[in-house]
Amino acid sequence: MSDIFSRKGDGAADRVVVRMTDLRKTYFMGHGSGGGLFGKRGGGEVLTVHALRGVSLEFREGEYVAIMGQSGSGKSTMLNLLGCLDRPTSGEYILGGYDVAQLDDDELSEVRSRSIGFIFQSYNLIQQYTVTENIQLPLTYQGNGIISEEAQERTMELARLVGLHDRLDHRPNQLSGGQQQRVAIARSLINDPYIILADEATGNLDSATSYEIMSMLGKLNDAGKTIIMVTHEPDIAEYAKRIIRMKDGVIVEDGPSPRMLVELDEENHAEVVA
Amino acid sequence: MGRILRSVKLGMKSLMLHKLRSGLTVLGIVFGVAAVIAMLAIAEGSRREAQARFQMLGATNVIYRSVKPSDEAQLSTGGRPARILNYGLKYEDFDRILATVPNIKKILPIREIRKQIRHDEHALDGRIVGTTKDYAEFNHLEIERGRFLSQHDDDDYKTYAVLGSDTAKKLFPYEDPLGQAVKLGSDYYTVIGVTKERASTAGIGGSLAAQDYNKDVYIPLSSCRVRFGERIMNFRSGSMEAEETQLSQITIQLTSTDVVSQTVPIIKGAVEPFHPKVDIDMTVPYDLIMEAERTARQYAIILGTIASISLLVGGIGIMNIMLATVTERTREIGIRRALGAKRGDITQQFLIETVVLSGVGGLLGVAIGVIIPYAIAQFVAETKAQVTWNSIILAFGISVAVGIIFGLYPANRAANMDPIEALRHE
Ligand SMILES: Nc1ncnc2c1ncn2[C@@H]1O[C@H](COP(=O)(O)OP(=O)(O)OP(=O)(O)O)[C@@H](O)[C@H]1O
Ligand SMILES: [Mg+2]
């Protein structure tokens with residue numbers, strides 16, 4: 001098996017990769033504060049949306065987390081913050097030792113290109129690029145942007161891992177949704193990130209393909225990858241080891257997934273039998 | 001460098017996604033660049049042609065020619081209807097110039113007479129030119145056979161003749177002309193040389209008419225003077241008219257082009273007070289060259305500017321398309337930003353795409369622009385074209401600059417998008 005799957009049990013399993021402390025995100029949407037015909041309503045009205053209202057969390061290396069919750073509960077906002085696509089309004093977010101709130105735009109880009117792997121609901125591949133080029137995209141934004149021999153090999157290895165090594169020169173429009181999502185998974189792994197973030201990664205796929213993708217993520221987690229995913233579907237969330245439920249921008253529940261409880265029971269049971 | 005190259009390659013890919021659109025966008029630049037090069041080539045062609053023409057007259061020369069005064073001028077000086085018309089340059093003028101004007105390297109007197117030239121039954125209406133040994137050099141004549149006139153020929157009043165190539169062919173179709181005799185007026189002259197064929201010069205206006213050297217006969221000026229005299233009889237509408245001219249032309253060669261402008265007034269001072277009637281005319285090729293240079297430059301600026309406007313229009317076209325492209329590719333921009341692209345990377349990507357567009361347009365434009373002027377020169381009479389490296393570099397440079405300038409705004413617009421918003425874009 002490839003080295004991607006072979007980093008288990010190296011003793012680093014408790015290392016904290018993500019620490020969020022009282023994280024808040026507020027959107028301000030100005031209404032008519034400018035001039036105009038309807039702009040004279042007492043200096044304009046600012047609509048404030050508290051998307052996150054004080055979230056404190058820790059993720060350790062090797063965790064597999066599903067974030068659930070109703071629409072509008074702040075899941076995507078949370079994932080965007082985790083992915084350094086956005087900065088919190090207040091609170092602290094430490095990712096692998098960096099205080100993200102202190103970083104400027106370019107530094108955030110740097111963190112994204114080196115430490116984070118994204119998997120999106122709508123795959124988000126670049127249409128004019130081949131499978132290879134899509135997988136290598138994050139690397140082009142690191143250092144001098146040249147793809148090394150080593151990276152080339154890694155690309156091949158990842159393509160093999162997701163079962164697309166024979167479609168390297170194909171373009172996204174020549175692939176099925178599931179295949180595109182597999183390219184996206186390979187892409188999220190090319191930079192060997194601290195965390196892999198998936199926002200509704202199976203939202204556009206049928207259930208068979210969804211399970212296929214989830215089992216792939218499961219294997220990655222088994223190999224030690226930290227995965228944080230957002231999902232609506234309970235059966236998808238079951239693949240994770242830890243489930244966080246959100247409501248109105250706060251965490252209302254945080255615990256092991258039922259799968260883990262069953263496994264724990266079985267272990268206990270086995271011990272008892274023995 | 002490698003990164004830029006890779007970006008260019010990937011930029012091409014994005015452009016190839018919309019071949020027709022990219023192609024049409026490029027057209028504006030293609031035509032702009034081609035127009036700039038073609039216009040400048042035609043301007044340069046006419047400049048060089050004028051240059052060559054004046055250069056043939058000699059950049060260090062000052063040319064005086066005798067001109068027949070106009071009828072009014074003759075009448076105003078109280079001439080009689082039937083008279084001897086005495087006009088033009090005199091031997092005295094020649095001597096005075098030689099004695100008083102500085103910076104002279106060589107000076108050439110010329111007497112031209114239209115006469116029939118005969119050998120046996122062969123005859124030709126040609127031009128007898130009485131001159132000295134320097135004539136060949138002044139007029140870029142080369143000798144085919146024998147030799148040109150020498151100082152001795154002039155000193156000793158020799159009855160020698162050098163024939164122009166046509167003259168030689170007409171008079172001696174089957175024989176070797178050297179050593180044979182030709183009859184000029186009432187006297188016989190021995191042929192001592194034949195000149196090579198020489199392309200005739202175009203007239204440059206003023207007193208310098210077009211010249212065909214091939215129908216000439218050259219004889220020593222001294223012999224010409226004693227044998228033909230200064231008076232020429234013409235029969236015109238029944239009455240006889242006589243003209244008296246001593247020299248048809250004096251060409252003064254100065255030591256260098258630097259002294260031309262300062263010496264010209266001195267020459268005028270030495271000659272013109274003795275010619276109150278306007279019966280002589282001065283041509284200064286150097287002034288004409290400078291004048292031609294100035295006109296050519298203005299011509300080039302005007303043509304270049306007009307052509308550059310089309311480049312500008314091409315640039316606006318590119319900007320328009322790039323703005324549309326940026327909007328259309330908002331999501332792609334979001335993806336790239338999410339995967340680690342910095343604002344600068346996005347700016348660079350779109351700038352490279354525009355520069356590739358305008359650069360490709362520029363190259364095509366150069367290719368077309370190099371062909372067009374020669375095609376025009378081929379089909380339009382009196383037009384010469386000369387494509388210069390400068391115009392190619394200029395036009396291509398402008399096209400790339402247009403790409404950068406008009407690409408900057410769309411590229412910045414792309415770079416300043418919020419990644420999350422961009423990702424959400426449909
Ligand atoms: N850019 C924005 N400007 C203003 N409000 C926003 C913005 N982004 C999100 N919100 C608001 O923040 C809240 C949380 O949104 P978020 O996208 O995180 O929800 P979600 O849990 O991902 O929902 P869904 O399951 O539908 O994707 C919502 O009320 C949303 O309207
Ligand atoms: Mg969401």
Side-chain angles (χ1 to χ4, degrees), chain A residues 25 27 51 76-77 79-87 103-130 132-148 171-173 184 187-188 190-191 193 197 199, chain B residues 1-22 321-322 325-353 356-357 412-426:
Chain A
K25 181 72 193 181
Y27 291 105
S76 294
T77 306
L79 215 64
N80 289 340
L81 284 175
L82 278 167
C84 297
L85 280 168
D86 209 352
R87 263 173 294 215
L103 301 180
D104 69 18
D105 199 80
D106 277 2
E107 288 166 329
L108 284 179
S109 297
E110 191 75 28
V111 172
R112 289 198 294 271
S113 84
R114 294 193 185 277
S115 315
I116 294 169
F118 280 102
I119 303 168
F120 303 93
Q121 176 173 0
S122 44
Y123 331 128
N124 279 347
L125 301 179
I126 292 186
Q127 294 304 314
Q128 66 268 32
Y129 285 7
T130 60
T132 313
E133 285 162 348
N134 266 295
I135 294 176
Q136 292 171 342
L137 190 61
L139 298 183
T140 61
Y141 298 119
Q142 289 178 5
N144 64 7
I146 293 171
I147 310 298
S148 66
R171 283 169 207 284
N173 59 13
R187 182 179 68 184
S188 76
I190 190 79
N191 54 356
L197 303 175
D199 196 347
Chain B
M1 198 60 218
R3 174 176 204 164
I4 301 270
L5 224 69
R6 191 181 150 88
S7 308
V8 169
K9 208 185 98 207
L10 295 177
M12 293 276 232
K13 266 193 162 158
S14 307
L15 295 171
M16 291 312 275
L17 209 59
H18 300 283
K19 289 193 191 67
L20 182 63
R21 182 206 279 184
S22 300
I321 288 300
M322 286 316 286
T325 303
V326 164
T327 309
E328 203 181 78
R329 286 161 65 187
T330 300
R331 194 185 189 105
E332 177 190 327
I333 295 163
I335 299 168
R336 289 173 184 276
R337 292 282 277 137
L339 299 185
K342 300 184 174 73
R343 291 211 165 117
D345 293 320
I346 301 293
T347 309
Q348 188 193 316
Q349 180 198 336
F350 281 95
L351 254 190
I352 283 176
E353 281 185 30
V356 165
L357 265 186
N412 273 330
R413 196 155 156 175
N416 286 330
M417 284 179 181
D418 176 49
I420 299 172
E421 296 282 333
L423 271 174
R424 219 181 278 149
H425 194 265
E426 279 317 305

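Chain letters run A, B, ... following the sequence lines, proteins first, then strands; residues in each count from 1.
Put simply, of A:Asn191, A:Asp106, A:Asp86, the one with the most heavy-atom pairs under 4.5 Å next to chain B is A:Asp106. In terms of heavy-atom pairs under 4.5 Å with chain A, the best-connected choice from B:Glu332, B:Arg336, B:Lys13 is B:Arg336.
Side-chain atoms of A:Leu85 and B:Leu423, non-hydrogen and from C-beta on, do get closer than 4.5 Å to each other.
For residues 112-122 of chain A, a heavy-atom distance under 4.5 Å to chain B picks out A:Arg112, A:Ser113, A:Phe118, A:Phe120, A:Ser122, given by residue number.
Contact of A:Gln142 with chain B is not made at all, since no heavy-atom distance falls under 4.5 Å. Using a 4.5 Å cut-off between heavy atoms, A:Asn80 touches chain B through its side chain atoms alone. Interface remark: B:Arg329 contributes side-chain atoms only to the contact with chain A (heavy atom separation under 4.5 Å). Contact annotation for A:Leu125: only backbone heavy atoms (N, CA, C, O) come within less than 4.5 Å of a heavy atom of chain B.
Put simply, CG on B:Asp345 and OG1 on A:Thr140 are 7.5 Å apart, with the number rounded to the nearest 0.5 Å. Note that CG of B:Leu339 is 4.5 Å distant from CZ of A:Arg187, once rounded to the nearest 0.5 Å. Within the model, atoms CG of A:Asp105 and CG of B:Asn416 stand 9.0 Å from one another, a figure rounded to the nearest 0.5 Å. Atom OH of A:Tyr141 is separated from atom CD1 of B:Ile346 by 5.0 Å, given to the nearest 0.5 angstrom.
Electrostatic pairing of A:Asp104 and B:Arg343 does not count as a salt bridge here, judged by no charged N lying under 4.0 Å from a carboxylate O.
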